[in-house]
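Working notes for the structure below.
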Amino acid sequence: MPELPEVEVVRRGLQRGVVGRTVSAVEVRHPRAVRRHVAGAEDLAGLLLGRRVEDACRRGKYLWLPLDSGDALQAHLGMSGQLLVVPAATPVEAHLRVRLAFTDGGAELRFVDQRTFGGIAVVAGGAPPASIAHIAPDPLDPAFDEDAFVHALRRRRTGLKRALLDQRLISGIGNIYADEALWRAGLHYARATETVRRGEALRLLVAVRAVLGEALQAGGTSFDALYVDTEGVSGRFERALAVYGRRGQPCPRCGTPIRREAFMNRSAYSCPRCQPRPRRPHL
DNA sequence: AGTTCAACCTGAAAGC
DNA sequence: TGCTTTCAGGTTGAAC
């Protein structure tokens with residue numbers, strides 16, 4: 001569920017809540033949450049015990065916490081993952097998968113995940129770790145290369161939204177912000193990437209950055225209690241959404257009812273008037 | 001090599 | 001009131 005703004009809100013919470021602290025205990029309550037750590041739960045615990053958290057980093061939707069051992073604790077929230085920093089006495093959550101305690105006896109770090117699509121692992125450190133080398137820089141990263149993105153996009157043989165969702169091309173964008181950015185840029189989700197002009201691609205990038213930045217300012221988008229920050233607080237960006245989840249409601253720009261179409265086993269929301277279907281769509 | 005899609009899960013909401 | 005179906009913020013590996 002979480003996309004770049006939501007993950008960045010969590011990163012900031014981890015920066016405040018766990019950086020500088022030393023791990024004193026690790027409890028893995030569900031093996032699926034650590035399946036990316038191939039050596040298993042005990043090995044993961046061994047690599048964490050006694051280690052100090054040095055920093056809180058993010059690329060796209062991936063998080064990692066560099067440790068004083070040179071390794072890093074990597075996390076992905078999947079569709080329903082939460083990283084909570086809560087007092088040790090807090091009752092166990094229904095979907096608590098992993099908990100970490102610290103030597104200062106203060107708040108615990110808890111990984112809670114209803115659907116277990118997310119997970120954590122200890123990986124070799126890096127900026128970013130080699131384990132996420134396939135994830136492209138995200139559009140809020142100073143290292144993001146606009147020219148490289150535009151050229152790579154136009155070399156693709158796919159549809160515009162498929163490309164935005166491909167984390168190897170550009171990272172951090174998911175189903176909500178892809179639809180919102182395409183609406184802001186006035187582009188259809190099935191537009192063939194090879195026909196996108198440079199100016200259109202740059203306009204799309206402006207829209208992507210704007211919507212991600214505004215969502216971050218609002219603390220992210222929370223439709224339900226599944227997305228919350230490290231202190232359990234929901235984001236407020238839902239009310240600012242123009243198209244996502246608004247089937248049949250008026251387009252904020254022209255009043256035309258928003259359409260919802262099946263797309264990649266999920267949904268694509270768009271305005272039929274602001275985002276006309278291209279002559280030769282690539283679905 | 002590039003592109004697409006089923007599979008991985010739980011639970012809420014809608015449909016009958 | 002149930003029972004069934006649909007849908008949900010994502011990624012990956014395998015098939016084409």
Side-chain angles (χ1 to χ4, degrees), chain A residues 1-10 29-38 58-63 74-83 93-97 111-121 123 128 131-136 138 151-181 189-190 192-194 208 211-212 215-216 218-229 234-238 240-241 243-248 260-269 281-283:
Chain A
M1 84 206 224
E3 305 181 36
L4 187 152
E6 293 78 28
V7 179
E8 174 61 16
V9 168
V10 171
R29 300 169 58 97
H30 196 308
R32 211 180 128 70
V34 298
R35 67 193 179 286
R36 292 263 153 211
H37 192 93
V38 266
R58 179 190 59 75
R59 169 176 279 199
K61 304 169 194 171
Y62 274 91
L63 292 163
Q74 177 183 299
H76 196 287
L77 303 178
M79 288 284 270
S80 54
Q82 306 172 342
L83 282 167
E93 294 81 359
H95 304 292
L96 177 61
R97 309 307 189 190
F111 180 66
V112 176
D113 189 6
Q114 178 194 100
R115 296 173 70 182
T116 65
F117 287 179
I120 66 171
V123 299
S131 54
I132 56 173
H134 61 295
I135 302 296
D138 63 65
H151 290 305
L153 178 73
R154 301 181 72 219
R155 246 180 277 128
R156 288 294 179 100
R157 292 294 178 269
T158 187
L160 203 40
K161 182 170 174 181
R162 285 180 185 277
L164 285 181
L165 295 177
D166 187 340
Q167 308 295 303
R168 293 166 306 184
L169 180 66
I170 182 171
S171 71
I173 303 168
N175 212 30
I176 297 178
Y177 301 114
D179 281 358
E180 292 297 311
Y189 67 88
T193 48
E194 63 265 36
V208 164
V211 72
L212 293 179
L216 177 56
T221 302
S222 303
F223 297 118
D224 50 33
L226 284 187
Y227 167 68
V228 292
D229 68 14
S234 292
R236 306 173 307 279
F237 195 67
E238 184 190 1
L241 296 175
V243 290
Y244 189 86
R246 300 189 68 243
R247 166 166 45 179
R260 180 237 181 234
E261 292 163 287
F263 176 78
M264 290 174 77
N265 286 329
R266 23 177 46 170
S267 303
Y269 295 92
H282 191 302
L283 301 168

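So you know, we letter chains A, B, ... as the sequences are listed, proteins then strands, and number each from 1. Computed over heavy atoms, backbone and side chain alike; hydrogens, waters and symmetry mates excluded.
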* Structure fact -> Heavy-atom closest pair (A:Val211 atom, A:Glu180 atom, distance to 0.1 Å) is CG2-CB, 3.8 Å
* Mapping A:Arg155 and A:Asn265 onto DNA chain B by nearest heavy atom, which one lands closer to the 5' end? -> A:Arg155
In whole Å, what is the span from the [atom1] atom of [X] to the [atom2] atom of [N]?
X        : N      : atom1 : atom2 : answer
A:Phe263 : C:dA8  : CZ    : P     : 13 Å
A:Leu226 : C:dC7  : CG    : P     : 18 Å
A:Asp224 : C:dA8  : CG    : P     : 12 Å
A:Asp138 : C:dG10 : CG    : P     : 14 Å
A:Phe117 : C:dG13 : CZ    : P     : 15 Å

Just to confirm, is there a sub-4.0 Å distance from OP1 or OP2 of [N] to any side-chain nitrogen or oxygen of [X]?
X        : N      : value
A:His95  : B:dG11 : yes
A:Ser80  : B:dG11 : no
A:Arg156 : B:dT3  : yes
A:Arg36  : C:dG13 : yes
A:Gln167 : C:dG10 : no

Selected nucleotide, minimal atom distance to [X] side chain, candidates [options]:
X        : options               : result
A:Thr158 : B:dT4, C:dA8, C:dT12  : B:dT4
A:His282 : B:dT4, B:dG11, C:dG10 : B:dT4
A:Arg157 : C:dG10, B:dC9, B:dT3  : B:dT3
A:Tyr62  : B:dT3, C:dT12, B:dC9  : C:dT12
A:Arg162 : B:dT10, B:dT4, C:dC7  : B:dT4
A:Arg168 : B:dT3, B:dT10, B:dC8  : B:dT3
A:His76  : B:dT10, C:dT11, B:dT3 : C:dT11

* Cut-off 3.5 Å, side chains only: do A:Glu261 and A:Tyr189 have a donor facing an acceptor? -> yes
* State the pairing partner of B:dT4; accept Watson-Crick or G-U wobble contacts with both distances under 3.5 Å, and report none otherwise. => C:dA14
* Classify the side chain of A:Arg115 and the base of C:dA8 as holding, or not holding, a donor-acceptor pair under 3.5 Å. => yes
* Asked: Within the distance-only criterion (no hydrogens, no angle test), does the side chain of A:Arg59 pair as donor or acceptor with the backbone N or O of A:Ile135 below 3.5 angstrom?
  -> yes
